[in-house]
Every structure is written in C-alpha cells, then in structure tokens.
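Inspection log for the structure reproduced underneath, given as structure tokens.
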Amino acid sequence: KLESDGSPASSLSGKCDILSLLRTLESIPIALPNERRFTSQLSRVEVYARTGKLPIVYAEAVSAHMLGLLHVKFAPIWPAAVQVIVTLSSAQEGPAWPYIQAELKRSMDKPPQ
C-alpha cells in the first residue's frame, strides 16, 4: 500500500512515542539480567525506524542515541543498536547519515592506542 505521494504506507498511526522509548532505554540499569529488556526496547525502536516516517528531529534523536549506546560498556546491546542504525539509515538516510558519518570520522581520527 502506498501513500498519496507514492511512499510506502506506514502501519503505524497515532502518537509517536519514540522519545518515551529512548527515555525508557536510558532508565534501564546496565546489567546482564536486563539484556532482554534492552533488546526488546531496541526492537520497538527499530519498528519505528523501519517505517521511514519518523519526523526528522526524531530520526536524528534515534541516530544519535543508538550511536551513543555503542559507547556504553555493555556489549550485549551493541548488535541491536547497530541493527536500529542500519534500519534507520536505510529508511531515512537524510536525517541519519550526518550522525553516522560524524561518528565514523571521529572513530577514524582517533590515534591508535
């Protein structure tokens, strides 16, 4: 199904609670017993990212947040965060790419340790 502008129709309608999901992610204590809660919340964020319908400011917030999670010293959540980044950058390259590009540049510019 397509929208009137020819873009894919979103199965989501109504209020977008993406910022609430991001806030919930921040409130979950970083501990192995919470891995499932983290990945569940990240899967919900990915659903929003997949639609390609996030307002630009929300897509930017998701990009920045997911990249920030890659700096958290809790490797079990990294694959899910990367998946959200990949999904969002595929669905909404415009808002996502500047954050991804800046992070890649920052990583490449770091001197070897």
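Taking CZ of R44 as the reference point, atom CG of D17 lies at 5.5 Å (rounded to 0.5 Å). One finds the OH atom of Y99 at 10.0 Å from the CG atom of L67 (value rounded to the nearest 0.5 Å). In this structure, the separation between CD1 on I18 and CG on L22 is 5.0 Å, given to the nearest 0.5 Å.
Under the rule for a side chain to side chain contact (heavy atoms under 4.5 Å, CB included), the partners of E93 that lie at least two apart in sequence or sit in another chain are W97. For A80, the side chain to side chain contact (heavy atoms under 4.5 Å, CB included) partners are T39, L42, not counting sequence neighbours. Looking at residues two or more places apart in sequence or on another chain, you find a side chain to side chain contact (heavy atoms under 4.5 Å, CB included) between W78 and L70, A75. Judged as a side chain to side chain contact (heavy atoms under 4.5 Å, CB included), and not counting sequence neighbours, the contacts of R23 are S20.
Distance alone, capped at 3.5 Å, places no donor-acceptor pair between the N34 side chain and the I28 backbone. Between the side chain of S27 and the backbone N or O of T24, at least one donor-acceptor pair lies under 3.5 Å.
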Would you tabulate the side-chain donor-acceptor contacts of residues 55-65 under 3.5 Å, counting partners in other chains and residues two or more places apart, or write 'none'?
{"residue": "S63", "atom": "OG", "partner": "A59", "partner atom": "O", "Å": "3.0"}
{"residue": "H65", "atom": "NE2", "partner": "E26", "partner atom": "OE2", "Å": "3.0"}

Distance-only criterion, 3.5 Å: show the donor-acceptor pairs between side-chain atoms of residues 85-92 and protein atoms not counting sequence neighbours.
{"residue": "T87", "atom": "OG1", "partner": "E46", "partner atom": "OE2", "Å": "2.8"}
{"residue": "T87", "atom": "OG1", "partner": "Q83", "partner atom": "O", "Å": "2.9"}
{"residue": "T87", "atom": "OG1", "partner": "Q83", "partner atom": "NE2", "Å": "3.2"}
{"residue": "S89", "atom": "OG", "partner": "I85", "partner atom": "O", "Å": "3.0"}
{"residue": "S89", "atom": "OG", "partner": "V86", "partner atom": "O", "Å": "3.0"}
{"residue": "S90", "atom": "OG", "partner": "V86", "partner atom": "O", "Å": "3.0"}
{"residue": "Q92", "atom": "OE1", "partner": "L54", "partner atom": "N", "Å": "3.2"}
{"residue": "Q92", "atom": "NE2", "partner": "L54", "partner atom": "O", "Å": "2.8"}

Worksheet entry | Worked verdict on L69 versus F74 for side-chain contact (heavy atoms from CB on, under 4.5 Å) | CA-CA 9 Å; L69 286 178; F74 188 57; over 6 Å; no
Item to complete: Start with the C-alpha gap between M66 and L25, add the side-chain angles, then the distance that decides, and say whether side-chain contact (heavy atoms from CB on, under 4.5 Å) holds.
Response: CA-CA 10 Å; M66 295 304 111; L25 275 168; 4.1 Å; yes
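The minimum heavy-atom distance linking P76 with L32 is given by the pair CG-CD1, 4.2 Å.
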